[in-house]
Amino acid sequence: MKKHPLMAFVLPLAAAVCLCALTNGCALQTSSESESHMRQIKIGMTLYRQDDTFISTIQKNFEAIVKNREASENVKIIVNILDGKGNQGVQNDQVDKFLSQGYDVICVNEVDRTAASVIIDKAKSADIPVVFFNREPVEEDLQRWEKVYYVGSDAREAGQMQGQVVVRAYQSSPQAVDRNGDGRLQYVMLEGEQGHQDALIRTEYSVKEVTNAGVEVEKLANETANWQRSQASAIMSRWIEDLGDRIEVIFCNNDDMALGAIDAYSAAELDQLPVIVGIDATPPALEAIRDRTLTGSVLNDSKGQAEAIFNIAYALATGSDPKESVPELDGRYVWVPQKIVTFANLPS
Ligand code: BGC
């Protein structure tokens, strides 16, 4: 086809106009988007149970961080924190609401960590990133979408540190710990919720650490108290009746259950306590270490975890790559370091 001579002029002009419209459009959109992001972001958070002692410390720390960042960065950060009340159905509805209301990012402490795929698939279709924390989805679920992250503490490390507290107590005073002098530590284990990675792995590695140090052990009993102080206290009261002073060590997957065990001893009016170890280093547990009723704990750093959750969520909500502002990221995981806490290094 023969070209009209004017085409040589009109075509480039038309192209330039289109390009200009496009780029202007883009520029306008970008600046209005970034302006609104500067002014306001919305973070939705759902907790497996708001009354869980450790989870409530993450919540408090998270809220404090939000306040600071709002002030320092001059951003309005709307945070909506909901209680999943131990019910995955309730939590799924909460997630649906966050997604339909256009939250910028959601942070999920799952009721049932094996149900992550449902949440991830919904979030992916809405293109709203997710930061899971404390209750770890299986790796295949995390691989379902690149805008899914996890923040937690290494359960194996926690178990090993707890075992070290027992080893140190034994080595510094073998007769006081091995009360019957049979060269073995008779123990009971209070376990967290079945199926929670922290329950399974802490249980395994705490005992392994003791036997790896060459100290023999004998398990007298184990039972799940679902992370809860009152359940642990009831179980422990039964064990005190059945096993009495045969119990030399009480491993507890968390501090609340360790405090429940201590409650049972005080209810039974027994003041000669075995070695009792927990995990979390919550404020009431630190008090118990100070009183010398709790032998030791492992810091499950709720402040560090809240910071990591916030920093990832903030980056995602403002459209930047979390890798740039969260150097602790290992792939899409942050493992917050832990630390042994005993009377010797109690924070003042
Ligand atoms: C903590 C427990 C808590 C549980 C909730 C664990 O990491 O140690 O105290 O109850 O998480 O998921």
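Just so you know, ligand 1 is whichever comes first in the structure, and atom 1 is the first atom listed for that ligand.
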Say whether, by atom type as modelled, one donor and one acceptor occur between the side chain of Lys42 and the main chain of Gln101 under 3.5 angstrom. yes

Is the backbone of Gly278 close enough, under 3.5 Å, to the side chain of Gln162 for a donor and an acceptor to pair up by distance? yes

Between Asn226 and Gln231: side-chain donor-acceptor atoms closer than 3.5 Å: yes

Test item: Gln94 side-chain N/O and Asp83 main-chain N/O as donor-acceptor pair under 3.5 Å: yes

Identify, by atom number and element, the atoms of ligand 1 in contact range of Phe54, meaning under 4.0 Å from any of its heavy atoms. 1 (C), 9 (O)

Give me the residue, atom name and distance of the protein heavy atom closest to atom 8 (O) of ligand 1. Asp280 OD1, 2.6 Å

Looking only at distances, can you tell me whether any N or O atom of Trp227, backbone or side chain, sits closer than 3.5 Å to an N or O atom of ligand 1? no

Could you see which bit of Gln228 sits under 4.0 Å from ligand 1, with heavy atoms only: side chain, backbone, both or neither? neither

Run the numbers for me: atoms of ligand 1, each under 4.0 Å from some heavy atom of Asp198, listed by number. 6 (C), 7 (O)

Just by modelled atom types, is the Ala258 backbone N or O under 3.5 Å from a matching donor or acceptor in the Asp255 side chain? no

Verify the neighbour count for atom NZ of Lys303: are there more than 12 heavy atoms of other residues, nucleotides or ligands below 6.0 Å? no

With heavy atoms only and a cut-off of under 4.0 Å, state how Asn300 meets ligand 1: side chain, backbone, both or neither. side chain

Nearest non-hydrogen protein atom to atom 11 (O) of ligand 1, with distance, is Asn134 ND2, 2.9 Å

Of all heavy-atom pairs linking Glu136 and Tyr333, the shortest is OE2-CE2, 3.9 Å

Element-labelled atoms of ligand 1 that are located less than 4.0 Å from some non-hydrogen atom of Asp52: 3 (C), 5 (C), 10 (O)

Does Arg202 reach ligand 1, in the sense of a heavy atom lying below 4.0 Å from it? yes

Candidate list Asn109, Asn300, Asp52, test side chain to side chain donor-acceptor pair (under 3.5 Å), partner Asn134, passing option: Asn109

Measure His196 to ligand 1 on non-hydrogen atoms and call it side chain, backbone, both or neither using the 4.0 Å cut-off. side chain

Would you mind running through ligand 1 and noting each atom that sits below 4.0 Å from a heavy atom of Asn254? 2 (C), 8 (O), 9 (O), 10 (O)

